[in-house]
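Right, one structure below, let's go through it.
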Amino acid sequence: MDIQKIRFLCVDDNIEVTHHMLLRFQQRHISYTEIKESIASGEIIKEYSDDKPFPSCLILGRTKSNRVLHTVVGMADDKLWLVTAYEPDKTQWSDDFKTKEA
């Protein structure tokens, strides 16, 4: 997957939000704007090429207010599917939030 293509697709007309994601937005107090900001600044830290119905990846990014988020997105040719987003737990992730601790 290509972060540049994901960023290109990360505009309102191309974004699809899953029901799961809508619930997580509310439960985790993450705004739609924060998701887009974190994707714009983010990097792919894990790919899930076998995911169905579309390949997906985990993006580590920061919002304009420096909030660290992990976002899972699926990508079709012309659509970006927001699957889930969360703040990585400092006790479960490395200091740079790129590697899950054992």
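Note: Met1 CE to Ser56 OG = 6.5 Å, rounded to the nearest 0.5 Å. To the nearest 0.5 Å, atom OH of residue Tyr86 and atom CG of residue Leu58 are 4.5 Å apart. To the nearest 0.5 angstrom, Asp95 atom CG is 10.0 Å from Lys90 atom NZ. From Gln4, atom CD reaches atom CD1 of Ile44 across 9.5 Å, with rounding to the nearest 0.5 Å. Taking CZ of Phe25 as the start and NE2 of His20 as the end, the distance is 10.5 Å to the nearest 0.5 Å. Here the OG atom belonging to Ser31 is positioned 8.5 Å from the CG atom belonging to Leu69, to the nearest 0.5 angstrom.
Taking every heavy atom of both residues into account, Cys10 and Lys36 meet most closely at SG-CG, 3.8 Å. Of all heavy-atom pairs spanning Ser49 and Pro55, the tightest one is O-CB, 3.9 Å. The shortest heavy-atom contact between Ile6 and Cys57 is CD1-SG, 3.6 Å. Between Leu9 and Ile15 the shortest heavy-atom distance is O-CG1, 4.0 Å.
Contacts classified as salt bridge (Lys or Arg N to Asp or Glu O under 4.0 Å) and involving residues 61-78 (residues at least two apart or in different chains) are given here: Glu34-Arg67, Arg67-Glu87.
The cluster map of Ile, Leu, Val, Met, Phe, Trp and Tyr, joined by side-chain heavy atoms under 4.5 Å apart, puts Tyr48 and Leu60 in the same cluster. Grouping the Ile, Leu, Val, Met, Phe, Trp and Tyr side chains by contacts below 4.5 angstrom, directly or via other members, places Leu80 with Val17. A continuous path of ILVMFWY side-chain contacts below 4.5 Å connects Tyr32 to Met21, so both sit in one hydrophobic cluster.
Using bins of under 30°, 30° to 60° and over 60° for the plane-to-plane angle, the ring pair His70/Trp93 lands in the perpendicular bin.
A donor-acceptor pair under 3.5 Å is formed between the side chain of Arg28 and the backbone N or O of Ala85. Here the side chain of Lys79 pairs a donor or acceptor atom with the backbone of Asp13 at under 3.5 angstrom. Although no hydrogens or angles enter the test, the distance criterion places a donor-acceptor pair under 3.5 Å between the side chain of Ser94 and the main chain of Thr99.
Between Leu82 and Ile39 there is a side-chain heavy-atom pair separated by less than 4.5 Å. Taking 4.5 Å as the limit, every side-chain heavy atom of Met75 sits out of range of all side-chain heavy atoms of Asp2.
Among Ile30, Val73, Ile59, the single residue meeting the side-chain contact (heavy atoms from CB on, under 4.5 Å) criterion with Ile35 is Ile30.
Between the side chains of Thr63 and Ser65, at least one donor-acceptor pair of N or O atoms lies under 3.5 Å.
Cluster partners of Leu23: none. The rule joins Ile, Leu, Val, Met, Phe, Trp and Tyr whenever side-chain heavy atoms lie under 4.5 Å apart, and it links nothing here.
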